[in-house]
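All remarks here apply to the structure that follows.
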Amino acid sequence: MDDALAATPAPTGTGSLDARLAAAPTLYDTGAHRRLLAQLPGLLADAHAAVQKRTSLDQARLSTVYSLATAALIKLGAYNRARITADRARTWAEVSGSPLAAAAAARELAIVLRHQDQHDTAQRLMTSATADLETTGLRTDVAAAAYAQMLYTLAYTAARGGQRTDALAMTEEARRAARRLPDECPTGRLFPITPAAVDLYAVGVHWALGDAGAALDAGKNLRPELFPTAERRARLGTDMARAWWQWQRPVQTAQALLDAYRASPGGVRDRPAVRHIVDELAERHPHTAGIRSCRRPSPTQADRPPGDKLSSYGSLPVLYPLARSDRFERGPGSGELSRVSA
């Protein structure tokens, strides 16, 4: 990946790019972060070759590949490299003119900045990007989902920056924006937010504000079966574990971590912040049932063929319903007709 960032590799010429791009987020969704990183240089090479046609869709697609690379690098704690890919995602999104690609790229960059303790910069970026998306009119369900997702990221960013009033206000605004969304998100959506996802984001906001009780209350009715991907089911477990650990409940923390590990071992072992909780729990409460399983370097569920029906990151090609022109586009490899409108 480092070599690919230093100099774009030559096109691979292997397989359908559309099919490979449609399949790539599944690796992210199953916690196979290193397998995904191994594939990304070839995907970036072929996506770069495709933009030689200078179409807006190809440019937006390349932006979203860089956004996916950023998401994977964030999971592994490689924030300096993630900053590079996030910057490139934003550049190609601006070239393409796609509001959705721009929103996705801004969101990933804000997450990187947050991890680099640049909370004020991340907050300004998210505020501006969310406002830009709102100016499109939010006339489609896809746009409404993107807007709700951006509001929740904005709320969490504010919470991590210690801005309690803003964080809670944005959480409520996001909840209102999400009311029109379906319980199940259509396959391939770039921002696949649902009512269950809304409650899960609220867990994170309250945890970030230091209110473990409110976080646990927000997540009390959430169940793994409400989430279509292993990544989101693992995130449910790790977010609840963080709240339980904040409340100094080691047994409940361990159980939540085990739930996350069973959903996606990579979702526990690859994330530095979660590994820190696992290590602390093992050191302070070494006899807690199941905690050793979370530390054991065994083959992960992510190495097996995925059975998830929906990408929690979104299908890469289906990202352009808010472009400048007014026409219809079929998302490559998705089987879904998505509207492209100003």
Side-chain angles (χ1 to χ4, degrees), residues 63 66-68 70-80 82-87 89-90 93 99-135 138 143-178 190-193 197-212 214-215 218-219 231-232 235-236 238-240 242-243 246 271-274 276 312-314:
S63 169
Y66 272 117
S67 287
L68 178 60
T70 304
L73 290 167
I74 289 170
K75 286 283 190 181
L76 296 169
Y79 305 125
N80 290 335
R83 178 67 181 267
I84 296 172
T85 54
D87 283 337
R90 290 201 74 201
L100 286 187
R107 179 174 177 267
E108 296 300 340
L109 178 55
I111 294 171
V112 175
L113 292 170
R114 203 170 63 214
H115 281 288
Q116 294 179 326
D117 294 324
Q118 299 182 52
H119 298 288
D120 291 342
T121 304
Q123 185 74 4
R124 287 193 297 271
L125 172 61
M126 281 304 304
T127 300
S128 175
T130 304
D132 288 345
L133 183 61
E134 188 176 17
T135 62
L138 308 178
Y147 184 63
Q149 175 74 76
M150 295 294 281
L151 285 172
Y152 266 105
T153 302
L154 181 57
Y156 186 71
T157 302
R160 292 305 302 265
Q163 301 177 38
R164 183 180 187 86
T165 300
D166 288 345
L168 295 177
M170 287 297 102
T171 298
E172 288 307 307
E173 185 173 348
R175 195 180 297 278
R176 288 192 295 271
L190 185 61
F191 294 93
I193 193 165
V198 166
D199 290 334
L200 182 55
Y201 278 109
V203 173
V205 168
H206 289 297
W207 167 83
L209 291 171
D211 193 343
E231 190 274 337
R232 285 290 92 184
R235 189 61 186 246
L236 169 62
T238 56
D239 278 7
M240 295 300 286
R242 292 195 301 183
Q246 191 177 65
R271 295 176 60 196
V274 178
H276 181 69
S312 66
Y313 188 82

With D166, which residues qualify under side-chain hydrogen bond (donor to acceptor under 3.5 Å, both in side chains), at least two apart?
none
Go through the steps to decide whether I193 and V198 satisfy the test side-chain contact (heavy atoms from CB on, under 4.5 Å), and finish with yes or no.
CA-CA 7 Å; I193 193 165; V198 166; 4.3 Å; yes
Across all chains, not counting sequence neighbours, the side-chain hydrogen bond (donor to acceptor under 3.5 Å, both in side chains) partners of Y152 are none
d(L200 CG, R232 CZ) to nearest 0.5 Å is 6.0 Å
What residues form a side-chain hydrogen bond (donor to acceptor under 3.5 Å, both in side chains) with T238, not counting sequence neighbours?
R271
Does a side-chain heavy-atom distance below 4.5 Å link L168 with L209?
yes
If you define the side chain from C-beta out and look only at heavy atoms, does anything of R83 sit under 4.5 Å from L113?
yes
Measure the CD1-CZ distance between I111 and R160 for me, rounded to the nearest 0.5 Å.
11.5 Å
To the nearest 0.5 Å, atom CZ of R164 lies from atom CG of D211 at 5.5 Å
Stepwise side-chain contact (heavy atoms from CB on, under 4.5 Å) test for E231 and K75:
CA-CA 11 Å; E231 190 274 337; K75 286 283 190 181; 2.9 Å; yes
CD of E173 to CG of L151: how many Å apart, nearest 0.5 Å?
5.0 Å
So does A158 get a backbone contact from the side chain of Q123, meaning a donor-acceptor N/O pair under 3.5 Å?
yes
Quick one: list whatever passes side-chain contact (heavy atoms from CB on, under 4.5 Å) with S128, sequence neighbours left out.
D132
For R235, enumerate each residue passing the side-chain hydrogen bond (donor to acceptor under 3.5 Å, both in side chains) test, keeping only those at least two apart in sequence or located in another chain.
D239
By the salt bridge (Lys or Arg N to Asp or Glu O under 4.0 Å) test, which pairs, at least two apart or in different chains, include something from residues 199-208?
R175-D199
Not counting sequence neighbours, list each pair that qualifies as a ring pair (Phe, Tyr, Trp, His ring centres under 6.0 Å) and has a residue in residues 155-176.
none
Sequence-distant partners of A89, side-chain contact (heavy atoms from CB on, under 4.5 Å), two or more places apart
S63, Y66, S67, A105
Among residues at least two apart in sequence or on other chains, which ones pass side-chain contact (heavy atoms from CB on, under 4.5 Å) with D120?
R124, Q163
Would you compute the distance between atom CZ of R107 and atom OG1 of T157 and round it to the nearest 0.5 angstrom?
9.0 Å
With sequence neighbours excluded, residues passing side-chain contact (heavy atoms from CB on, under 4.5 Å) with Q246
W207, A212
Sub-4.5 Å side-chain heavy-atom contact between Q116 and N80:
yes
Hey, are the side chains of T85 and L73 touching, using non-hydrogen atoms and a 4.5 Å cut-off?
yes
In Å and rounded to the nearest 0.5 Å, what is the OH to CG distance from Y147 to L138?
6.5 Å
Output all residues satisfying ring-ring contact (aromatic ring centres under 6.0 Å, His included) with Y79, sequence neighbours left out; order by chain, then residue number.
H115
Report yes if some heavy atom in the side chain of L125 is under 4.5 Å from a heavy atom in the side chain of R90; otherwise report no.
yes
